[in-house]
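Note that the structure is a prediction, hence the values are computed from the model and not measured. Nothing fancy with the numbering, it's 1 onward along the sequence.
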Amino acid sequence: MDTMLLGSLDLTKPTTNDVISCTKPNGTTVIQPSSTAISSTNATLGRHLARRLVQVGVTDIFSVPGDFNLTLLDYLIDEPKLNVIGCCNELNAGYAADGYARSCGVGACVVTFTVGGLSVLNAIAGAYSENLPLICIVGGPNSNDYGSNRILHHTIGISDFSQELKCFQTVTCFQAVVNHLEDAHELIDTAISTALKESKPVYISISCNLPAIPHPTFSREPIPFSRAPKLTNQMGLEAAVEAAAEFLNKAVKPVLVGGPKLRVAKASNAFVELADASGYALAVMPSAKGMVPEHHHHFIGTYWGAVSTAFCAEIVESADAYLFAGPIFNDYSSVGYSLLLKKEKAIIVEPDRVVIPNGPAFGCVLMNDFLKALAKHLKHNNVAYENYHRIFVPNGKPLKSEPKEPLRVNVMFQHIQQMLSSETVVIAETGDSWFNCQKLKLPEGCGYEFQMQYGSIGWSVGATLGYAQAVPEKRVIACIGDGSFQVTAQDVSTMLRCGQKTIIFLINNGGYTIEVEIHDGPYNVIKNWNYTGLIDAIHNGEGKCWTTKVFCEEELVEAIATATGPKKDSLCFIEVIVHKDDTSKELLEWGSRVSAANSRPPNPQ
C-alpha cells in the first residue's frame, strides 16, 4: 500500500497577494489564493479537512451520522463551500460517493466507527475495482482509548480496535489512523493526495475528540497540492511506438478497442485522436461504454464476444491485429472466457505499460503519451471499417404492439432511446439493464455509467444520487431491476431532499433475472412490492415527486411524455410491469456461457 505523499507541499509562507496554481482531478489547472493565517481558535483538524476536500474538488459529501463522527460533521457543515448530504445508510453513502467520483473525478463519504465502516466497505470495494478516487472518512474512538485495554461500543467486544482498519487495508490504497494531532496534518494530506495519485479509495479514521481542538499545524489555510505529474520514459516511449507501428502497419485490417482503464489513464481523447489518424474501426469493451464518442464516424459498437452489438465481434475477431487500450478481461467481460481473440495479434496498452505481441513489454510509458505518439506513425487503413460498413444491416424494430398488449422490454428501451440527448445520463443497474442499455446509441454529450467489474446489485440507487448531485444541469435516467432496487431503495428519499429530477425506470419482472439465466432456483423469486406506493410513502408530500405504473406501450408513452413535460422538474418514478421471462437475447447467451464457466469441474490433481 502506498504510504508516500503525492508530489510535494509548498510549505513556504507567501504574501497575501500571491497566488498558487493547483491541478484539479480532471487535469485542469486553476489559480487559488495563497495561504493565509487563521485565528488560533479556528486552526482545527475539522476545518483543515473540510477545506482540503473543497480544494480537491469535493463540494458534496455523503454521510451517515454516528456518535463518533458528530463533532467532525459540525466542522464539515460549517464549511460554506461543502454540502453535507445525509443518506439513509452507509452502503448508499458509499455508492453515492462512487457515482459522484465518476462525474467529478473524486468523491467522499463520512461514517462512524466499525458499524458504519463495515457497512460502507462493500461500496468502497466497488470503487476500488473501478479505479475511482474516493475518500472514506470514519469517526473513530477517543484518542485516549487506543491502547487502554477498554472495550467500546460499536466494536466486536475486544479491546483491539484494529478490525475495521484490517478490513479496509485490502480495498484502499492508503490508510490513515489519526489519533494524535501532531501528525494529523501529514496523514490527512498524504491520504487525500494518494487517492488522487492512485485513482483508488483511501481510508481516514479520525478520533472523535480531535476535530475541534486547535493545533499550530493548522494555523494557515491549506496550501494547494503541487501534484508532481507522472512522466513517460522517453526512450521507452520511442521504442514502444516503433514496435507498435511496425506491427500495425503490416496488418491488413487492424482495429482499435477501448477498455475501462481509459478513464484512469485520462486517455479517451488521445484514443479518439489515434482513431482519427489511423482510420481503424473503433470499438469499446462493455465497461468502457460512454468513454468514447459513439457518433465517431468509424465507431462500430460494443465488443463483448458472443453478445457484442451487431457485426462488431465479427470485425474485431477477424482482424489480423488489434490494439486494446486499457482492457479488463474478466469472466463477465469475456463472456465466460469465450472471446475468440489471439494473444499474438493483440497490442495491450495499460495506463503505464505497453505490451507488444511476441515482443517486448515497455514499462513507464503512459497510455496518453503512447497513443498520441503512435497516431503520428501509423499508415491510414480503413479496411476493417469498410468491411463493417459492407456487412452492416441496421437493427430491426421490435414487433408492433397490439393495443393494450402487455409491455415488452425491447419496446420500452426503444422509447428510452428517444429520450437520450446531450442533457441526459444513463445509469444501468447490474442485471438485464446491462445488456439492454449497451444497445442504446448515445448522442454526443450523453453520459453513461454502470459497475461491471464488481457488479454489486443495488449499486445504481446510490450512484444515481451521487451522479445527479454532481451534474444538476443534466437529467439522470436510471434503469433498475426490482431485485436490485429492494437492496437500496431507501435513498430515493435523499434524492427528494436534494431536489433531484432523476427519471427512474423500475423494471418489475418479479425476481433476479440475471441470476435466473445463470442458475435458476426459488431463491431468485422475490416478494413483489407496490413500488409506486412505496415511493409515494417516501415522498410524503415533501419535495417534487411523480410516480406511475405502466402495463402497456400506450401507458409508457404517456408516462414519458409527462416525465419530460409537465413533471420535468420532478423526480419521476415509472414502474414498468413486464413478464418474468422477458429478457434480452444477449442475457440468455451470456448467462449460459457464464454458467458453464462457473460450473467447470476441478482440474485433475
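Put simply, the side chain of Ile61 does not reach to within 4.5 Å of the side chain of Asn83, judged on heavy atoms. For the pair Ile416/Cys479, a side-chain contact is recorded, criterion being any heavy-atom separation below 4.5 Å from C-beta on. Contact of the His389 side chain with the Ile300 side chain is not registered, since no non-hydrogen atoms from C-beta on lie closer than 4.5 Å. No side-chain heavy atom of Ser433 sits less than 4.5 Å from a side-chain heavy atom of Asn436. Ile514 has its side chain within reach of Leu587: a pair of non-hydrogen atoms, C-beta onward, lies under 4.5 Å apart. Proximity of Tyr100 to Phe62: side-chain heavy atoms (C-beta onward) are separated by under 4.5 Å at one or more points. Inter-residue side-chain proximity for Pro443 and Cys446 is flagged as met; some heavy-atom pair is nearer than 4.5 Å. Using a 4.5 Å cut-off on side-chain heavy atoms (C-beta onward), Ile137 and Cys109 make no contact.
Of the possible polar contacts, none joining the Glu517 side chain to the Ser592 backbone as a donor-acceptor pair under 3.5 Å is found. The backbone N or O of Gly236 lies less than 3.5 Å from a partner atom in the side chain of Asn233, making a donor-acceptor pair. No donor-acceptor distance shorter than 3.5 angstrom exists from the side chain of Lys501 to the backbone of Val476, with no hydrogens or angles considered. Remark: side-chain polar atoms of Thr194 are paired, donor with acceptor, to backbone N or O of Thr190 under 3.5 angstrom. With hydrogens and angles disregarded, no donor-acceptor distance shorter than 3.5 Å links the side chain of Lys81 to the backbone of Val54. Listed for the Asp98 side chain is no donor-acceptor partner under 3.5 Å among the backbone atoms of Gly94.
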task = Tell me, with the steps shown, if Val349 and Phe324 meet side chain to side chain contact (heavy atoms under 4.5 Å, CB included).
result = CA-CA 6 Å; Val349 186; Phe324 280 84; over 6 Å; no
ask   = Given the rule in the side-chain hydrogen bond (donor to acceptor under 3.5 Å, both in side chains) test, do Thr502 and Tyr467 qualify, once you have shown the distances and angles that lead to the verdict?
value = CA-CA 10 Å; Thr502 294; Tyr467 202 107; over 6 Å; no
key: Trp304/Val284 under side chain to side chain contact (heavy atoms under 4.5 Å, CB included): CA gap, chis, key distance, verdict   = CA-CA 9 Å; Trp304 199 353; Val284 293; over 6 Å; no
ask   = Passes salt bridge (Lys or Arg N to Asp or Glu O under 4.0 Å), Lys261 versus Glu350? Steps please.
value = CA-CA 7 Å; Lys261 292 182 184 177; Glu350 297 291 349; 3.2 Å; yes
request  = Go through the steps for Asn410 and Ser584 under the test side-chain hydrogen bond (donor to acceptor under 3.5 Å, both in side chains), then give the verdict.
outcome  = CA-CA 7 Å; Asn410 55 13; Ser584 63; over 6 Å; no
request  = Walk me through it: do Arg52 and Asp189 pass the test salt bridge (Lys or Arg N to Asp or Glu O under 4.0 Å)?
outcome  = CA-CA 8 Å; Arg52 202 42 119 192; Asp189 285 2; 3.0 Å; yes
task = Mind running side chain to side chain contact (heavy atoms under 4.5 Å, CB included) on Thr583 and Leu588 for me, showing each step along the way?
result = CA-CA 7 Å; Thr583 68; Leu588 298 176; 3.4 Å; yes
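At a cut-off of 3.5 Å, with distance as the only test, a side-chain donor of Gln438 or Thr302 sits close to an acceptor on the other residue. Donor-acceptor pairing under 3.5 Å is lacking for the side chains of Asn381 and Ser278. Between Ser199 and Asn131, the side chains place no donor N or O within less than 3.5 Å of an acceptor N or O (distance only, hydrogens not considered). Residues Tyr454 and Thr430 have side chains that never bring a donor and an acceptor to within less than 3.5 angstrom of each other. Using a 3.5 Å distance cut-off with no hydrogens or angles, the side chains of Gln469 and Asp60 do pair a donor with an acceptor. A donor-acceptor contact under 3.5 angstrom links the side chains of Glu317 and Tyr303, judged on distance only.
The distance from the CD1 atom of Ile204 to the CD1 atom of Ile188 is 6.0 Å, given to the nearest 0.5 Å. Of the inter-residue distances, the one linking Ser287 atom OG with Met452 atom CE reads 5.5 Å to the nearest 0.5 angstrom. Rounded to the nearest 0.5 Å, atoms CG (Leu237) and CG (Leu231) are 12.0 Å apart. Atom CG in Asn269 sits 12.5 Å away from atom CG in Leu274 (nearest 0.5 Å). Taking CG of Leu121 as the start and CG of Leu91 as the end, the distance is 10.0 Å to the nearest 0.5 Å. Residue Ile503 holds its CD1 atom at 6.0 Å from CZ of Phe505, rounded to the nearest 0.5 Å.
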Distance-only donor-acceptor pairs under 3.5 Å for side chains of residues 364-377, two or more places apart:
{"residue": "Asp369", "atom": "OD2", "partner": "Thr232", "partner atom": "OG1", "Å": "2.6"}
{"residue": "His377", "atom": "ND1", "partner": "Ala373", "partner atom": "O", "Å": "3.0"}

Extract all donor-acceptor atom pairs below 3.5 Å that involve side chains of residues 326-335 and protein atoms in other chains or at least two apart in sequence.
{"residue": "Asn330", "atom": "OD1", "partner": "Tyr332", "partner atom": "N", "Å": "3.0"}
{"residue": "Asn330", "atom": "OD1", "partner": "Ser333", "partner atom": "N", "Å": "2.6"}
{"residue": "Asn330", "atom": "OD1", "partner": "Ser333", "partner atom": "OG", "Å": "3.1"}
{"residue": "Asn330", "atom": "ND2", "partner": "Gln453", "partner atom": "OE1", "Å": "2.6"}
{"residue": "Ser333", "atom": "OG", "partner": "Ile328", "partner atom": "O", "Å": "2.9"}
{"residue": "Ser333", "atom": "OG", "partner": "Asn330", "partner atom": "N", "Å": "2.9"}
{"residue": "Ser333", "atom": "OG", "partner": "Asn330", "partner atom": "O", "Å": "3.4"}
{"residue": "Ser334", "atom": "OG", "partner": "Asn330", "partner atom": "O", "Å": "2.6"}
{"residue": "Ser334", "atom": "OG", "partner": "Tyr337", "partner atom": "N", "Å": "2.9"}

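For Glu423, the CD atom is loosely surrounded, since the number of other residues' heavy atoms within 6.0 Å does not exceed 12. Shown here is Glu386, whose CD atom has more than 12 heavy atoms of other residues, nucleotides or ligands within 6.0 Å. Taking a 6.0 Å sphere around NE2 of His296, one finds it holds more than 12 heavy atoms contributed by other residues, nucleotides or ligands. More than 12 heavy-atom neighbours from other residues, nucleotides or ligands sit within 6.0 angstrom of CD on Glu344.
Between Trp459 and Phe450, the distance from one ring center to the other does not fall under 6.0 angstrom.
Here Glu294 pairs with Lys289 under the salt bridge (Lys or Arg N to Asp or Glu O under 4.0 Å) rule; sequence neighbours left out. In this structure Ala306 satisfies the side chain to side chain contact (heavy atoms under 4.5 Å, CB included) test together with Glu589, Arg593, sequence neighbours excluded. Applying the ring pair (Phe, Tyr, Trp, His ring centres under 6.0 Å) rule to Phe362 yields no partners; only residues at least two apart in sequence or on another chain are considered. Arg263 is linked by a salt bridge (Lys or Arg N to Asp or Glu O under 4.0 Å) to Glu449, counting only residues two or more places apart in sequence or in another chain.
For the residue pair Ala310 and Tyr388, the shortest heavy atom distance occurs at O-CE1, 3.9 Å. Across all non-hydrogen atoms, the minimal contact from Pro224 to Gln55 is CA-OE1, 3.5 Å.
Between Asp320 and Lys345, no side-chain nitrogen of the basic residue sits less than 4.0 Å from a carboxylate oxygen of the acidic one, so the salt-bridge criterion is not met. A salt bridge links Arg51 with Glu221: at least one charged nitrogen is closer than 4.0 Å to a carboxylate oxygen. Between Glu130 and Arg102 there is a salt bridge, since a side-chain N of the basic residue sits under 4.0 Å from a carboxylate O of the acidic one.
Aromatic ring orientation, His298 versus His380: tilted (interplanar angle from 30° to 60°).
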